[in-house]
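Working notes, beginning with the structure itself.
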Amino acid sequence: MNLQEFMQKVKANNANEPEFLQSVEEVIESIWPVYEANPQFKQANILERIVEPERVVMFRVPWVADNGDVHVNRGYRVEFNSAIGPYKGGLRFHPSVNLSILKFLGFEQIFKNSLTTLPIGGGKGGSDFNPRGKSDGEVMRFCQSFMLELFRHLGPNTDVPAGDIGVGKREIGYMFGMYKKIKNEFTGVFTGKSLNWGGSLIRPEATGYGTVYFAEDMLATRGMTFEDKTVVVSGSGNVSQFAIEKVNDLGGKVVTISDSEGFVHDPDGIKGDKWEYLMDLKNVRRGRVKEYAEEFKVKFYAGQRPWITKCDVALPCATQNEIDAKEAETLVKNGCFCISEGANMPTVPDGVKTFLENKVLYGPGKAANAGGVATSALEMTQNSMRMGWHREEVDEKIRDIMKSIHEQCVMYGADGDFVNYVKGANIAGYMKVAEAMLDHGVL
Ligand code: NDP
Ligand code: 2IT
C-alpha cells in the first residue's frame, strides 16, 4: 500500500469526519518515509492501527435548566492510544463538538503527549453543551450528569481528563466532585484541579507560557528574542491570557485579542492594568472582548480575525482552522516570521504550506502547546507523591520540557539550516508510540 492508497482507505473508513482526516493526513505525510524505511512498523501494520481509536464512548447527557426545562446533550470520550501511558487529554464543551473534532484532537494528543517525554497516552472528550450564558447551577447539573456516565471509563491509571475550550476550573471542580462522590475515593483522576484540592501550581499558565517558550526557542535559532517584537494573539481564553502575560514578561508587545465575535486591536499593548482587566472580564464577569475595546477606547473589528494586523510573531490560541490560506499569506506578506500555535490545528493545510514554503519559524500545535498537558502529567506525579512542588520548580520543568520538544523537532526536522517543525514533531512523536506498540504485540 502506498501513501495515497492508505489515505483512501482511511477516508473510506471515516467518511464525514473532515477534521479527523485533516489531522491524519498531516501526520501520515510526515511519517510515511520513516514507515517505509522500517519494515518492522509495516509488518506490524502500525499505521492502520494507530489511526483507529482503542475505544470511543458516546452517551446521553440529560440535565435540567433553571426554568425547569429538560435538555439533552451528547457526551463523548475518545480513548485513542494507551501505548505509552493512561489516556490523557482534555474535555471540550462547545456547540460545535462532534466525533470528527474529538477524534482529530485525540489523534493529535497521542503525538503531543509522546513529545512531552512523559508517560501519557492520548485521549479527548467533551460535549456539544454550550456553557456560555448558562448559570453556575446549570453548568453544575450538566457536569454532574456528564460524570454519571463518564466516571466508569476513568481512573488515575486509566484515563485522566483535563480542560479545553469551555472547560476551566469551575467545570473541573464540578466533575471531580461528582467522581469523588460516586467512587468514594479521592484520586488524581483530573488535572487542572484547583490548588487547594490537588492542583498543580502553574497548570493554568502552562499552555500559554509553553507556547511562548517554544517561540522563544525558535527565535533563538535565528539569534532573536521577544524583545520589542509585535505579537498578534487570537482568542481571549485560558491559553491566550497566559501567552500574553509571558510575552509581556519577555519584552514583547501583544496588540490583539479576539473571540468568535471579532477582534480588538490595541496598538499600545495589552499589559499591566489592561491585562488585569482582561483577566477579570473573561474569568470573573465572563464577558466579551468587545467590552475591552469600549473600556479602553480602541478599535473592535466585528466579525473579523486578527491576522490582518501587521506583526512579527503570531500566536493563534483560539480554535482549529482559524488561519485560512489567504490569512497565512497575509501574515507572511506583512512580515510575520514566527508562528507558534497555542491552539490545536489552527492553520489549514494550505496555510501550513505557505509557512513552510516561506521558511518562517512555524511551530505546530502538537509541539508548541504541549506545555499544558506536560504540566498535567507533572500534576499527576505530584498527586501520586501526595506532595506539591513550588512555582519555580514547576516552571523550570516546563521550560526544560519545551526545550526538549524543540530539540526533538530539530533532530527529526532539520533540513540544512531550515527546521521543518511539522515533520520533526510528527516523526519524533510517532517513533516513541510506534516502538511501544511493537513491544506490546498485536493488540
Ligand atoms: P477557552 O475556552 O478558555 O477559550 C477559547 C477562546 O477561543 C475564546 O476566546 C473563544 O471565544 C475562542 N473560540 C473558541 N471557539 C471559537 C470559534 N469557533 N471561533 C472563534 N473563536 C473561538 O479555551 P482554551 O484557551 O483552553 O483553548 C484554546 C485553544 O487551545 C483550543 O484550540 C484548545 O484545544 C487549545 N489548547 C488548550 C489547552 C489547555 O490547557 N487549555 C492545552 C493545549 C491546547 P468565544 O468565547 O467567542 O467562543
Ligand atoms: O489540548 C490539550 O493538550 C489540552 N487541552 C490539555 C490536555 C491535558 O490533559 O492537560
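Both counts, for ligands and for their atoms, begin at 1 and track the order of listing. Worth knowing before you read on, the calculation uses all heavy atoms, side chains too, and leaves out hydrogens, waters and symmetry mates. This one's a predicted model, so the numbers in the text were calculated from it and none came from an experiment.
- Tyr209 and Asp249 form no side-chain donor-acceptor contact under 3.5 Å, judged by distance and modelled atom types alone.
- Looking at Asp164 next to ligand 2, an N or O pair under 3.5 Å apart turns up.
- Of all the heavy atoms of Asn344, the ones lying under 4.0 Å from any atom of ligand 2 belong exclusively to the side chain.
- Here the protein heavy atom with the shortest distance to atom 2 (C) of ligand 2 is Lys112 NZ, 3.2 Å.
- Side-chain N/O atoms of Ser23 and Lys103 include no donor and acceptor closer than 3.5 Å.
- In the displayed structure, Lys290 atom NZ is contacted under 6.0 Å by at most 12 heavy atoms of other residues, nucleotides or ligands.
- In Arg203, the part holding a heavy atom less than 4.0 Å from any atom of ligand 2 is the side chain.
- The protein non-hydrogen atom at the shortest distance from atom 9 (O) of ligand 2 is Lys88 NZ, 2.7 Å.
- Looking only at distances, no side-chain donor or acceptor of Lys366 sits under 3.5 Å from a matching main-chain atom of Ile110.
- The closest side-chain donor-acceptor pair between Ser127 and Asn73, if any, does not fall under 3.5 angstrom.
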Checklist entry - Where do Phe186 and Phe176 land on the ring-ring contact (aromatic ring centres under 6.0 Å, His included) test, with the steps shown first? => result CA-CA 9 Å; Phe186 193 113; Phe176 177 84; 5.1 Å; yes
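- Formation of a donor-acceptor pair under 3.5 Å by the Asp312 side chain with backbone atoms of Thr230 is found in this model.
- Under the rule for a side chain to side chain contact (heavy atoms under 4.5 Å, CB included), the partners of Ser258 that lie at least two apart in sequence or sit in another chain are Ser234, Phe263, Pro306.
- With no hydrogens or angles considered, no side-chain donor-acceptor pair links Lys282 and Asn238 at under 3.5 Å.
- Remark: ligand 2 atoms within the under-4.0 Å shell around heavy atoms of Gly89 are 7 (C), 9 (O).
- The nearest protein atom to atom 10 (O) of ligand 2, hydrogens excluded, is given as Ser376 OG, 2.5 Å; this is a heavy-atom distance.
- Residues Phe146 and Phe129 keep their aromatic ring centres 6.0 Å or farther apart.
- The nearest heavy-atom contact from the protein to atom 7 (C) of ligand 2 is Gly90 N, 3.5 Å.
- Per-residue contacts place Ala162 under 4.0 angstrom from the following atoms of ligand 2 (heavy atoms of the residue considered): 8 (C), 9 (O), 10 (O).
- Judged by distance alone, the side chain of Lys310 and the main-chain N or O of Asn334 form a donor-acceptor pair under 3.5 Å.
- The ligand atoms of ligand 2 that sit less than 4.0 angstrom from a heavy atom of Lys124 are 1 (O), 2 (C), 4 (C), 5 (N).
- Not a single heavy atom of Gly192 sits closer than 4.0 Å to an atom of ligand 2.
- Residue-ligand proximity: Arg92 is placed with every non-hydrogen atom at 4.0 Å or more from ligand 2.
- Taking a heavy-atom cut-off of under 4.0 Å, ligand 1 is surrounded by Arg92, His94, Lys112, Arg132, Asp164, Ile165, Gly166, Arg203, Thr207, Gly235, Ser236, Gly237, Asn238, Val239, Ser258, Asp259, Ser260, Arg288, Cys317, Ala318, Thr319, Gly342, Ala343, Asn344, Asn369.
- Classified by interplanar angle (parallel below 30°, tilted 30° to 60°, perpendicular above 60°), the ring pair Phe214/Tyr421 is perpendicular.
- The N/O atoms of Pro161, backbone and side chain alike, include none that comes under 3.5 Å of an N/O atom in ligand 2.
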